[in-house]
Number of protein chains: 4
Amino acid sequence: MTKRSTKLAASSAADGEAPASSRAARAAERRQAIVDAAMEEFIARGFAATRLDDIAKRAGVAKGTIYLHFKDKESMFEELVRTVIVPVVTRLTTLPPPAGSVRDLVEAFASNFLKEVINTRRGDLVRLIVAEGPRFPSVADFYYREVVSRGMAGMRTLIELGIARGEIRQKDLARYPQILVAPAMIAVIWQSLFARHSPLDAQEMLRVHLDLIFGERRTT
Amino acid sequence: MTKRSTKLAASSAADGEAPASSRAARAAERRQAIVDAAMEEFIARGFAATRLDDIAKRAGVAKGTIYLHFKDKESMFEELVRTVIVPVVTRLTTLPPPAGSVRDLVEAFASNFLKEVINTRRGDLVRLIVAEGPRFPSVADFYYREVVSRGMAGMRTLIELGIARGEIRQKDLARYPQILVAPAMIAVIWQSLFARHSPLDAQEMLRVHLDLIFGERRTT
Amino acid sequence: MTKRSTKLAASSAADGEAPASSRAARAAERRQAIVDAAMEEFIARGFAATRLDDIAKRAGVAKGTIYLHFKDKESMFEELVRTVIVPVVTRLTTLPPPAGSVRDLVEAFASNFLKEVINTRRGDLVRLIVAEGPRFPSVADFYYREVVSRGMAGMRTLIELGIARGEIRQKDLARYPQILVAPAMIAVIWQSLFARHSPLDAQEMLRVHLDLIFGERRTT
Amino acid sequence: MTKRSTKLAASSAADGEAPASSRAARAAERRQAIVDAAMEEFIARGFAATRLDDIAKRAGVAKGTIYLHFKDKESMFEELVRTVIVPVVTRLTTLPPPAGSVRDLVEAFASNFLKEVINTRRGDLVRLIVAEGPRFPSVADFYYREVVSRGMAGMRTLIELGIARGEIRQKDLARYPQILVAPAMIAVIWQSLFARHSPLDAQEMLRVHLDLIFGERRTT
DNA sequence: TATGAATGAGCATTCATTCAT
DNA sequence: GATGAATGAATGCTCATTCAT
């Protein structure tokens with residue numbers, strides 16, 4: 001009756017005997033299954049309305065097992081956010097191959113953001129953070145510290161570089177990097193809320209936005 | 001222990017003497033007190049985590065009184081959104097005095113948006129809608145229909161007018177009015193989530209953004 | 001919006017002006033409407049599950065009006081039982097025209113019981129008393145005192161008369177008048193509970209039962 | 001404060017040592033405790049006035065435990081009726097040893113009914129069904145189907161046999177088996193409602209009734 | 001380690017009763 | 001007298017958390 005998490009059971013052969021990846025690996029696998037399940041449920045229902053029962057069922061574990069990996073519902077949510085956000089940030093920030101024009105850099109970033117966040121569960125997670133932020137100051141703090149402030153700083157640097165190189169005219173833009181990111185954020189929220197009312201071609205919108213800023217015209 | 005609703009007692013002179021405003025007026029007053037209290041609580045805690053007890057306490061009414069005005073918690077939330085959103089939309093859309101440049105129009109709108117939404121409980125309500133949308137399709141539908149689609153259409157018209165008049169260069173912008181609104185939305189969310197981490201001068205940011213689109217420079 | 005009780009408004013002409021039956025009559029009328037409505041509701045839902053709101057609505061009065069006539073829900077129920085039971089008992093016990101055979105007397109009684117109780121709201125009330133008895137000792141006491149014990153005594157007298165006159169053979173019957181009444185009671189309950197499963201010709205059943213006791217055969 | 005269910009602890013030896021009766025047995029035991037407690041409370045107060053809190057307290061379990069066994073209060077009531085009725089019906093219908101006179105058979109049945117139902121919680125349950133029937137059509141249906149219609153059919157068969165064998169004179173009786181059962185039902189209700197006003201020797205009453213039908217005289 | 005039965009605090013909702021109009 | 005808006009105690013049900021197995 002208990003359903004095993006499938007998408008992550010890429011580990012071993014038989015179910016009861018784990019040759020190589022014993023003990024620790026099994027545990028990590030289970031934990032990951034819980035995190036995945038929790039993300040789905042939290043996104044779909046929000047923190048307060050999500051039942052641990054449903055998470056356990058979806059993860060294919062018993063309810064008590066969750067407490068072997070997380071202190072309680074709150075810390076599960078907080079750790080979940082960290083667990084999912086950190087690798088994405090790492091990937092998005094490590095990327096910039098320091099060659100080419102600023103627009104190339106920004107476009108590369110946008111492209112990655114598109115692939116890694118928009119139209120992804122990760123995008124829904126961003127909306128979830130926006131939703132639960134006020135009730136989870138620690139999550140909002142974490143998100144501001146790890147994502148927002150770092151993102152703003154990075155964008156500002158890029159903008160200043162663009163201004164220095166003459167790619168960007170609008171000098172004030174450096175004071176509000178939010179403007180550079182705003183359409184991407186709006187895309188994330190739009191997909192999560194209004195996709196079924198009217199689909200949005202996020203990629204094209206971002207291109208138009210970059211045209212607005214860099215003045216030129218190019219194809220992705 | 002019972003607290004009188006203060007901000008809404010615009011009825012008569014003194015608090016203890018309500019000669020004319022009998023029955024109906026008292027009822028409307030009470031209902032408004034409930035709506036106000038509910039908005040505060042829903043914004044602070046989200047739908048699921050909000051207790052009717054707290055709403056009642058904050059509104060200065062008994063728990064049962066809420067049910068004289070709303071069928072249940074869900075419809076209270078839905079009606080609340082309508083009650084608050086409709087007048088704002090009305091005010092924001094009725095405003096444009098059809099004189100002056102397109103930039104003037106947009107700036108007037110931005111100015112009103114700033115005053116009516118950003119830095120206002122209404123702004124928090126927008127974040128709340130983003131947060132609860134997935135669990136309240138009816139709310140998301142309503143918001144899309146009454147606010148988003150109408151807003152997009154209006155913006156598109158303005159953009160096209162701007163293009164026709166030569167105020168806006170970027171022709172593609174008309175396809176993505178979201179870009180025009182994005183910074184305003186980001187400002188709303190920012191104030192709600194990150195104001196305490198780093199305050200945002202929304203007015204100035206919007207000005208910079210308009211400069212980006214209209215190319216010029218002006219002071220509000 | 002308030003609906004006037006119709007079936008009882010056989011009183012006066014205009015609604016606001018009661019020529020003869022003013023004041024007191026109006027009050028009595030209202031009270032009767034409440035009693036009627038209450039009986040319907042209590043029978044349909046039982047004491048605990050009946051809402052005063054529904055009674056008021058059905059009676060065409062405001063909720064508060066009920067409290068002008070009855071102390072509270074409990075005493076309303078108790079008085080209701082008295083109000084309805086007493087006249088029936090009176091009618092059923094006053095009837096015996098002291099002529100003819102004992103069987104004639106019993107048959108006359110059965111016939112009246114059939115007309116006055118079985119297939120009547122009064123029958124449902126008996127079932128209601130059976131239902132609520134344990135929670136309303138005062139009602140059970142009243143019913144036992146006014147109906148059961150008097151009924152048993154009366155039946156015993158009739159049986160003894162029948163035995164003395166040679167109409168009834170079974171001498172022990174006088175010790176258990178319940179046997180004489182049992183089918184009538186069963187008819188009451190049957191109609192209330194199982195009529196829709198399988199209708200019962202109570203009159204015929206009672207005739208068969210009397211044949212069993214009196215040994216003869218007659219038509220009603 | 002927690003009371004262990006006593007009457008049902010027929011499992012192991014001492015109360016503190018339950019070696020074999022693990023899991024399933026414990027669960028069954030708990031469920032039975034809940035059923036017992038529920039029966040007491042429902043009988044004493046009726047469905048609507050019974051509090052789950054009281055059932056839980058009486059059963060010695062937490063409130064939530066009830067919901068591990070029953071979907072809600074309604075289905076608890078319905079299942080309770082089934083759970084209690086079915087075995088009784090089974091026992092009462094399996095009994096007839098096909099020897100002896102019809103009167104012997106009927107007397108055996110009466111004797112069992114006396115022992116199994118009258119003066120038993122089961123008797124009170126019958127009154128409860130009469131009480132709640134109108135609000136629980138499913139219960140009334142079940143009772144009619146499983147008990148009443150089967151009982152009527154069985155009685156009719158016996159009566160016809162009695163007529164065929166010359167033990168019963170009254171031929172019409174076969175059309176109204178209710179007459180045969182009526183005093184037993186009245187005994188059930190009497191004990192439940194009027195026992196404290198005036199005790200009833202049900203056994204003797206049933207004997208007198210059988211004498212009435214079979215005409216003879218015998219001792220149980 | 002993993003399980004899931006058991007717990008009981010917590011909350012939405014109902015409804016008898018009151019009382020200002 | 002009548003009214004019905006307002007009250008708040010009462011109660012069914014949920015669900016995060018614990019712990020014996």
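Residue numbers start from 1 in every chain, and the chains themselves are labelled A, B, ... in the order their sequence lines are given, proteins ahead of strands. What you see is a predicted model; the values in this text were computed from it and never measured.
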Would you give a per-nucleotide map of nucleotides 10-16 of chain E, 5' to 3', where B means the base has a protein non-hydrogen atom under 4.0 Å away, S means only the sugar-phosphate does, and - means neither? BSSBBSS
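Every side chain to side chain donor-acceptor pair (under 3.5 Å) that A/Ser75 has, sequence neighbours left out, goes to A/Asp72. The side chain to side chain contact (heavy atoms under 4.5 Å, CB included) test applied to D/Ala131 returns C/Ala131, D/Arg127, not counting sequence neighbours. Listed by chain and number, the residues in a side chain to side chain contact (heavy atoms under 4.5 Å, CB included) with D/Arg82 are D/Glu78, D/Phe142 (sequence neighbours excluded). Residues passing the side chain to side chain contact (heavy atoms under 4.5 Å, CB included) test with A/Ala140 are B/Arg196, sequence neighbours excluded. Among residues two or more places apart in sequence or in another chain, the salt bridge (charged side-chain N to carboxylate O under 4.0 Å, His left out) test is passed with A/Glu74 by none.
Picking from F/dA2, E/dA2, E/dA6 the nucleotide with the shortest atom distance to the side chain of C/Arg30 gives F/dA2.
One interatomic measurement links the two molecules: CD1 of C/Ile55 to C1' of F/dG4, which rounds to 16 Å at whole-angstrom precision. Taking atom CG of A/Leu68 as the reference point, atom C1' of F/dT17 lies 13 Å away to the nearest angstrom. Between the CZ atom of A/Arg26 and the P atom of E/dT1 there is a distance of 14 Å, given to the nearest Å. The distance between atom CD1 of C/Ile66 and atom C1' of F/dT3, rounded to the nearest whole Å, is 12 Å. Rounding to whole angstrom units, NE2 of residue A/His69 and P of F/dT17 are separated by 16 Å. When the P atom of F/dT17 is taken as reference, atom CZ of A/Phe77 falls 15 Å away, rounded to whole Å. Per the geometry, NZ belonging to C/Lys57 stands 11 Å off P belonging to F/dG4, to the nearest Å. Atom CZ of A/Phe70 and atom P of F/dA16 are 15 Å apart (whole Å).
A/Leu128 approaches A/Ile43 most closely through the heavy-atom pair CD2-N, 4.1 Å.
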Each base of DNA chain E marked ( ) or [ ] if paired in-strand (Watson-Crick or G-U under 3.5 Å), | if paired to another strand and . if unpaired gives .||||||||||||||||||||
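Shown are D/Glu40, D/Met39, D/Lys73, D/Met76; of these, the side-chain contact (heavy atoms from CB on, under 4.5 Å) with D/Ile55 is made only by D/Met76.
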Hey, can you pull the donor-acceptor pairs under 3.5 Å for the side chains in residues 44-54 of chain C, sequence neighbours left out?
residue, atom, partner, partner atom, Å
C/Arg45, NH1, C/Glu41, OE1, 3.3
C/Thr50, OG1, C/Glu41, O, 3.1
C/Thr50, OG1, C/Gly46, O, 2.7
C/Arg51, NE, C/Asp54, OD2, 2.9
C/Arg51, NH2, C/Asp54, OD2, 2.8

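The line from CG of A/Leu68 to CZ of A/Arg31 is 11.5 Å long, rounded to the nearest 0.5 Å.
For C/Thr65, no side-chain nitrogen or oxygen approaches OP1 or OP2 of F/dA2 to under 4.0 Å.
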